[in-house]
Protein chains: 2
Amino acid sequence: MTTTDIVNRLRIWAADGSKAERRLAEIILSDIEYASRAPIADLALRAGVSEPTVTRFCRSLGCEGVRDFKFKLAQVLAIGGLYLFPEPLVRDERDARVVDAVAEGAASAIQRVRDITDMDTVNAVAEMAVEAGQICVFGSGGVSSLGAVEMQNRLFRLGLSVVAQTDGQMQRMQAAVCDKKSLVFAISASGQATSIIESVRVARQYGARTVAITNPDSDLAKEAEVCLPFIIAPDTQLYKPTAGRYSLLFIIDLIAMTTAELIGPSVLEGLRRIRISLSGLNMSDPGRPVGD
Amino acid sequence: MTTTDIVNRLRIWAADGSKAERRLAEIILSDIEYASRAPIADLALRAGVSEPTVTRFCRSLGCEGVRDFKFKLAQVLAIGGLYLFPEPLVRDERDARVVDAVAEGAASAIQRVRDITDMDTVNAVAEMAVEAGQICVFGSGGVSSLGAVEMQNRLFRLGLSVVAQTDGQMQRMQAAVCDKKSLVFAISASGQATSIIESVRVARQYGARTVAITNPDSDLAKEAEVCLPFIIAPDTQLYKPTAGRYSLLFIIDLIAMTTAELIGPSVLEGLRRIRISLSGLNMSDPGRPVGD
DNA sequence: GATTTAATGTTGCTTTTTTACATTTTGCCT
DNA sequence: AGGCAAAATGTAAAAAAGCAACATTAAATC
C-alpha cells in the first residue's frame, strides 16, 4: 500500500461506509493534522461514535491499529501535495504552490545527490572514461533514457567516442560487441530494468568496464563494477514530474566536468571547433554555451 | 523546524550527547522505521537505558513528547527513508570545488528561472495545451533538443497528443502540416536557430498557436505568440556543462504540472495505466515514479 | 575528597488503546 | 408488518504505553 492510499480509502469510506464510518472519515479528512495527533477519545467524541469504533475503523482501512493509522496519516502530511487540497485553490495560491513544489523538489533532489555522491568514485569513473576506446550509455524509461542521451551529449564534446542506446534490443547488441576497451554506463532508477542488467552482464563478459548509475541496493548495482548511487525519492505530488531527473542531471554533470578536467586543455579545442561549426547557423554568439 | 531536522539533531546527539543519549540516538538512527513504531520500553531496552530517559531524550530533541517524536520520524520515513539523509561526505578541496560548481550552477539556474517565470503565462500555455488537438515540440542543439524530448515525455503521460522534432527538416515538415488545432512549442536557448524560427512562422501561417521557450529578446521570441523566457547565463566554468539545462527542465516541469492539474484527476488514470504497463518489466514498485 | 550539579533509574500513576462482550441497528424474508 | 439473522455499534474493563515525582548514581567543581 502506498502511503497516500490511506487518503483514498478514507475518501471511499466517507462515501460508501456505514453511518459511523462516514462520520469518522469526514472528521478525519477535514483535519488530517488533528486526526493524526489526537487520541481516539477526542476523535470519537467529534464524530459522535465510540472509541472502539475508531479502532475498528482503522483496522478496516488496512492498518494494524490506531497507532499504525496515525503513523500513515503523519506520512501523508509529510508528503502533502494534491490530496490535502481537495478544493480548488485560488489562482495565486495555486500558482505559488506549483512553483514551490517544483523548485523545492529540484533543490532537494540536487542537495541529496550532492551529499551522497562520492567524488572518489566519480574521479575513478572519469579516468575510466578517458581510458576507454568506446563508451556506451544504456538507459531505459523516461528519466533514464533522457539521462543516457544527455550523457552522450556531454561526453562527445570532450572528444570521446560515445554512443547512447535507449532501446533494449540495441543495448544488448551493443553490449555484445564490447571488448576490453569499452566502458558501459548503465542508467536505471529502479535498477531492475532487465535489458540493462543483461547488457551489463554481457558487456562485462567481454571485458568491458561497467558503471551503474542506479539504486545501490538493486540487481543492476550488483552486476556492475562501479555504482554511483541514483535514488529517486517517492514523489510528493502526483501531478509533478519526478524531481529525480535533476539528480541524474547532476551526476552526469559531475562526470562530464571531472572527465573534462582530466582530459585537460585539449578539450577546449574541441569545444571551440564545435562552436565554429555552429557559426554557419546564425548561432555564433561567443558568450553562449556550446550547442544551444 | 523542517521535518528532516530531527535526523540532524539525532546525529548531533549521537556525537555530542551524554552516554545514554548517544546510545539512544545510535539505536534510533540505526533503524528509524523500528524506532518510529516501537514502544519506548523496547527502545529503552535496546539502548540499555530507562524508559523516562527516552521521554526526556525526545523532549530535549525539541519534540513535545514521545508521540510527537514518533510522528516526526514517520514523516522522515515518508519523505525518503534513511538512506536519503546520509551524512554529507567530507571531501578534499579539489573534489568539493567540482561538486560546488555544479550544485551552485544548478541551484542558481533554478532560482533565476523561478524568479522570472510568470505563472500567468504558464497557466495560459497550459490551457493552450489542453485545448490543442496536436502538440509539436521543436528544439535543436544539445540543450534544447533534450528539452523537446523531455517535453514530449512529460506531456504524453497526460494523455495529450504530442510529438517532439529535433531535426530541422522534420521540424519544417511538421510545421507544414499544422492547423488551427495545433500547438507548437519552440525551444531554443539562443532564439536564433533558423529551422525553429521558420517552423514557427510556417505553423503560425497555418493557424497554429505558438509558444517559444527562449531568450525574450531573440527573433524566435518575436515570431511566437507567447514567450516563456529561457536565458542561459554565460558559464564561468569552461569545463562544466551549462547549468541552463536545469532552467529548461524547470520550465518544462512547471508547464507539465500546471497542465496536469488543469486536466484534473483523469490524468491520474493515465499515469496508473502507464504504471501497470510497466509492471510486466519487473519494475512494479508502486512507490516509484512512473516510468523509471 | 567533599560538595554540588547533572544525569539516569525506580516506582507508580495517567492516558491511550484494545479486547470481550452486550446492545442496537439494519436488511431480509415470510 | 413482524421476526430473525447478521452486521454494526456501544460499554466496560483490561492491557499497553507514556509520563511525573522522587531516588539514586555519576560527573564536575572546588
Side-chain angles (χ1 to χ4, degrees), chain A residues 6 9-77, chain B residues 6 9-77:
Chain A
I6 198 77
R9 299 202 188 184
L10 279 168
R11 291 249 165 83
I12 294 167
W13 257 252
D16 296 346
S18 67
K19 198 163 42 179
E21 286 169 340
R22 279 201 311 275
R23 277 184 301 194
L24 252 181
E26 273 165 31
I27 288 291
I28 293 166
L29 282 174
S30 74
D31 194 348
I32 293 183
E33 168 83 22
Y34 168 81
S36 69
R37 309 188 97 116
I40 58 174
D42 282 25
L43 228 48
L45 187 66
R46 276 207 195 189
V49 301
S50 69
E51 295 175 29
T53 299
V54 179
T55 300
R56 281 190 286 258
F57 180 73
C58 296
R59 295 246 167 84
S60 63
L61 246 52
C63 301
E64 277 179 35
V66 171
R67 285 176 161 67
D68 186 38
F69 176 69
K70 290 185 180 175
F71 178 91
K72 290 193 165 70
L73 284 189
Q75 299 200 317
V76 165
L77 286 168
Chain B
I6 198 78
R9 297 201 188 183
L10 279 167
R11 291 241 172 78
I12 294 167
W13 257 254
D16 296 346
S18 67
K19 199 162 38 174
E21 287 169 339
R22 280 200 310 277
R23 275 184 301 192
L24 211 42
E26 272 165 31
I27 289 292
I28 293 166
L29 281 173
S30 74
D31 194 346
I32 292 185
E33 169 82 20
Y34 167 81
S36 69
R37 310 188 94 116
I40 58 174
D42 280 26
L43 228 48
L45 186 67
R46 275 206 195 189
V49 301
S50 69
E51 295 175 31
T53 299
V54 180
T55 300
R56 282 189 286 257
F57 180 74
C58 296
R59 295 244 166 83
S60 63
L61 245 53
C63 301
E64 276 178 35
V66 171
R67 286 183 218 286
D68 185 39
F69 176 69
K70 289 185 180 176
F71 178 91
K72 291 192 164 72
L73 285 188
Q75 298 202 316
V76 166
L77 287 168

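Below, chain A is the first sequence line, B the second, and so on; all start at residue 1. The basis for the numbers below is simple: all heavy atoms, side chains too, and nothing from hydrogens, waters or symmetry mates.
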[X] [atom1] - [N] [atom2] separation (whole Å):
X       : N      : atom1 : atom2 : result
B/Trp13 : C/dT8  : CH2   : C1'   : 17 Å
A/Asp68 : C/dT17 : CG    : C1'   : 14 Å
B/Arg67 : D/dA16 : CZ    : P     : 15 Å
B/Lys70 : C/dT15 : NZ    : C1'   : 14 Å
B/Phe57 : D/dC19 : CZ    : P     : 14 Å
B/Arg59 : D/dG18 : CZ    : C1'   : 9 Å
A/Phe69 : C/dT18 : CZ    : P     : 12 Å
B/Arg22 : C/dT8  : CZ    : C1'   : 14 Å

Just so I know, are the side chains of [X] and [Y] near enough to count as touching, which here means a heavy-atom distance under 4.5 Å?
X       : Y       : answer
A/Leu73 : A/Ile28 : yes
A/Arg67 : B/Arg67 : yes
A/Phe69 : A/Val54 : no
B/Val49 : B/Phe57 : no
A/Thr55 : A/Glu51 : no

Sugar-phosphate, base or nothing in reach of B/Arg23, heavy atoms under 4.0 Å: nothing
Sugar-phosphate only, base, or nothing, as touched by B/Thr53 at under 4.0 Å among non-hydrogen atoms: sugar-phosphate
Spacing of A/Ile40 atom CD1 and A/Leu24 atom CG [to the nearest 0.5 Å]: 10.0 Å
Gap separating the CG atom of A/Leu45 from the CD1 atom of A/Ile27, nearest 0.5 angstrom: 10.0 Å
Closest heavy-atom pair and its distance - A/Gly65, A/Cys58: O-CB, 3.9 Å
Minimum-distance pair of heavy atoms, taken over all atoms of B/Pro39 and B/Lys70: CA-NZ, 3.8 Å
Check against salt bridge (charged side-chain N to carboxylate O under 4.0 Å, His left out), B/Lys72 and B/Asp68: CA-CA 6 Å; B/Lys72 291 192 164 72; B/Asp68 185 39; 2.9 Å; yes
Pair A/Arg37 + A/Glu33: basic N to acidic O under 4.0 Å: yes
With 3.5 Å as the limit, what N/O pairs link the protein to nucleotides 24-26 of chain D?
none

Residue-phosphate contact under 4.0 Å: B/Thr55 side-chain N/O, D/dC19 OP1/OP2: yes
Distances for protein N or O near nucleotides 20-23 of chain C N or O, under 3.5 Å:
none

Members of residues 38-51 of chain A that approach DNA chain C, where some heavy atom sits under 4.0 Å away: A/Pro39, A/Ile40, A/Glu51
